[in-house]
**Q** 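One structure, as structure tokens, below. Some questions next.
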Amino acid sequence: MTKIIKTISEWKQLKKSNAFKEKKIGFVPTMGALHSGHISLIETCINENDISVVSIFVNPTQFNDLKDLERYPRTFENDLHLLEKFKVDFLFYPGAKEIYPDNFKYRVVEDELSKILCGAFRPGHFEGVLTVVLKLLNIIQPDRAYFGEKDYQQYKLIDGMCKAFFLDIEIIPCPTIHEEDGLAMSSRNVLLTKEERKLAANFPRLLASEKSAEEIKSELEKLGFKVDYIAGLEGRRFGAVHIGKVRLIDNVEL
Ligand code: PAF
């Protein structure tokens, strides 16, 4: 059985118990709507630690667009079913008041990487991500925390934050899991219509192609995508596109 913990005090109390003594805690933070990408993080976390904790918290401060927050899929029953199936020990499932007693007055700001790629198109997004992740890491106090490489910029920023603030937590990147047609698994994929979903497969195909960033952008636009950016950085190519109301991101090693 996966035990659901809703408050910080409950978790702190539990952590004092003998069952936690000298045990390694692995942590997978999520916003729910769990899919095979999350499951692969969860399986790695379970394999590498004595105690596994998953959090589900749709973090309002990382949504720069209120409509995007409202549309974000919420599938709690199914998520819990999956966590139980994979024998996750604890689900941390707090409300917004538990996480933001300060009303987001205190924030983590990064000045370089968070301003480019997705950061340039989603003002404040990474402030929200870094702030909530720091809070979650401080609450759970895991030995290791797992993040998907689909959100590579997010992973790098979280890793950098932990180093900058001397957090004694190993940040572990896990490879992106793809659908059969190459589309990176994302909670947002379920929001695509059938036609949009078909079209979406062109994004990872072109991103991984030999073509230049400019050529990829122009081909995607011809196909009907709205392209935020296609850009190379540190041996990877990053992209963010919109199909209808849904924003997709991905990256590939070059
Ligand atoms: O990647 C996500 O799902 C979120 O950005 C995270 C890391 C759980 C923070 O809300």
Side-chain angles (χ1 to χ4, degrees), residues 2-17 19-20 23 25-34 38 41-42 45 49 51-77 79-80 83 88-111 113-115 118-119 122-148 151 153-155 157-171 187:
T2 303
K3 186 166 170 49
I4 304 177
I5 309 286
K6 290 194 174 176
T7 64
I8 299 167
S9 59
E10 214 182 325
W11 176 249
K12 279 193 172 162
Q13 201 54 38
L14 249 171
K15 266 200 88 187
K16 285 187 199 147
S17 72
F20 279 77
K23 294 277 163 56
I25 300 177
F27 177 42
V28 183
T30 81
M31 297 206 296
L34 303 181
H38 294 113
L41 301 182
I42 288 170
C45 171
N49 300 279
I51 292 171
S52 54
V53 185
V54 171
S55 64
I56 296 181
F57 178 63
V58 182
N59 174 34
T61 67
Q62 70 188 75
F63 287 83
N64 52 310
D65 172 359
L66 205 65
K67 290 226 169 74
D68 189 26
L69 171 61
E70 281 163 11
R71 267 198 301 267
Y72 201 82
R74 288 154 172 92
T75 56
F76 183 76
E77 290 308 317
D79 292 350
L80 185 58
L83 297 179
V88 168
D89 297 308
F90 295 98
L91 164 63
F92 183 56
Y93 186 54
K97 285 204 180 110
E98 192 73 8
I99 298 296
Y100 289 107
D102 63 320
N103 272 327
F104 198 41
K105 272 197 300 248
Y106 292 87
R107 306 170 184 206
V108 181
V109 180
E110 192 273 358
D111 252 350
L113 180 58
S114 72
K115 304 297 176 198
C118 280
R122 301 187 68 190
H125 167 66
F126 286 120
E127 254 175 61
V129 170
L130 292 177
T131 304
V132 82
V133 171
L134 182 62
K135 284 172 183 264
L136 291 169
L137 294 176
N138 277 334
I139 295 165
I140 303 299
Q141 300 193 345
D143 296 281
R144 303 186 183 95
Y146 297 80
F147 295 88
D151 301 295
Q153 188 178 11
Q154 167 175 283
Y155 148 67
L157 283 163
I158 290 168
D159 191 47
M161 172 182 75
C162 289
K163 291 187 169 110
F165 292 111
F166 311 109
L167 264 62
D168 200 8
I169 299 169
E170 228 182 301
I171 300 300
S187 301

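Values below: all heavy atoms of this structure, side chains included; hydrogens, waters and symmetry mates excluded. As the structure is a prediction and not an experimental result, all values here were calculated from the model.
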**Q** Taking all atoms of both residues into account, what is the closest heavy-atom pair of Arg71 and Asp65, and its distance?
**A**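 Shortest heavy-atom separation between Arg71 and Asp65 comes out as NH2-OD2, 4.5 Å.
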**Q** Where the side chain of Asp159 meets the backbone of Tyr155, is there a donor-acceptor pair that is under 3.5 Å apart?
**A**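 Side chain of Asp159 to backbone of Tyr155: no pair is present.
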**Q** Taking all heavy atoms of Val129 and all of Ile158, pick out the closest pair and write down the distance.
**A**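 What the structure gives for the nearest pair is CG1-CD1, 4.3 Å.
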**Q** I want to check something: taking the side chain as every heavy atom from C-beta on, are Ile25 and Val53 in contact at a cut-off of under 4.5 Å?
**A**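 A side-chain contact under 4.5 Å exists here.
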**Q** From Ile5 CD1 over to Lys12 NZ, what is the distance, rounded to the nearest 0.5 angstrom?
**A**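 One finds 14.0 Å between CD1 of Ile5 and NZ of Lys12.
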**Q** To the nearest 0.5 angstrom, please state how far the CG atom of Asp168 sits from the CZ atom of Phe165.
**A**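 If we round to the nearest 0.5 Å, Asp168:CG and Phe165:CZ are 16.0 Å apart.
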**Q** Could you grab the distance from atom CD1 of Ile139 to atom OG of Ser55, nearest 0.5 Å is fine?
**A**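 Spacing of CD1 (Ile139) from OG (Ser55) equals 9.0 Å.
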**Q** The criterion is salt bridge (charged side-chain N to carboxylate O under 4.0 Å, His left out); which residues satisfy it with Arg107, sequence neighbours excluded?
**A**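 Once residues adjacent in sequence are excluded, the partners of Arg107 under the salt bridge (charged side-chain N to carboxylate O under 4.0 Å, His left out) criterion are Glu127.
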**Q** Considering only heavy atoms from C-beta outward, does the side chain of Ile56 approach that of Leu80 to under 4.5 Å?
**A**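 Answer no - side chains too far apart.
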**Q** For the side chain of His125 and the backbone of Gly119, is there at least one donor-acceptor N/O pair under 3.5 Å apart?
**A**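 Pair absent, no side-chain N/O of His125 close to backbone of Gly119.
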**Q** Can you see which heavy atom on Glu98 is nearest to which on Ile8, and at what distance?
**A**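 Nearest heavy atoms, Glu98 then Ile8: OE2-N, 2.7 Å.
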**Q** Under a 3.5 Å distance rule, please check whether Asp102 uses its side chain to pair with a backbone N or O of Lys105 as donor and acceptor.
**A**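 Answer holds: yes.
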**Q** Shortest non-hydrogen contact from Lys15 to Phe20?
**A**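 What the structure gives for the nearest pair is O-CB, 3.5 Å.
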**Q** Once you round to the nearest 0.5 Å, how far does CD1 of Ile99 lie from CG of Leu136?
**A**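 Ile99 CD1 to Leu136 CG: 5.0 Å, rounded to 0.5 Å.
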**Q** Could you tell me which non-hydrogen atom of Phe90 sits nearest to which non-hydrogen atom of Thr2, and how far apart they are?
**A**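 Smallest heavy-atom distance, with atoms named: C-CG2, 3.9 Å.
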**Q** Verify, without hydrogens or angle tests, whether Gln153 (side chain) and Leu113 (backbone) share a donor-acceptor contact under 3.5 angstrom.
**A**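 Indeed, once roles are kept as given, a pair shorter than 3.5 Å links the two residues.
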**Q** Look up atom NZ in Lys3 and atom CG in Leu14, then write down how far apart they are to the nearest 0.5 Å.
**A**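 Interatomic distance, Lys3 NZ to Leu14 CG, rounded to 0.5 Å: 6.0 Å.
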**Q** Out of curiosity, Arg122 CZ to Asn64 CG, how far, rounded to the nearest 0.5 Å?
**A**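 With rounding to 0.5 Å, CZ (Arg122) is 5.0 Å from CG (Asn64).
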**Q** Is it the case that the side chain of Asp68 and the backbone of Phe63 share a donor-acceptor pair, with hydrogens and angles ignored and the cut-off at 3.5 Å?
**A**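 Checking the backbone N and O of Phe63 against the side chain of Asp68, no donor-acceptor pair under 3.5 Å is found.
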**Q** Would you say that more than 12 heavy atoms from the other residues, nucleotides or ligands in this model lie under 6.0 Å from the NZ of Lys115, or not?
**A**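 Yes - once you tally the heavy atoms of other residues, nucleotides and ligands closer than 6.0 Å, there are more than 12.
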**Q** Check whether any side-chain heavy atom of Phe147 lies under 4.5 Å from a side-chain heavy atom of Val133, and answer yes or no.
**A**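 Yes, side chains in contact.
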**Q** Taking the six-membered ring for Trp, are Tyr146 and Phe27 ring centroids under 6.0 Å apart?
**A**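 Tyr146 vs Phe27: aromatic centres not under 6.0 Å.
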**Q** Over 60° means perpendicular and under 30° means parallel, so classify the ring planes of Tyr100 and Phe57, tilted if in between.
**A**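 Ring orientation, 0 to 90° scale: tilted.
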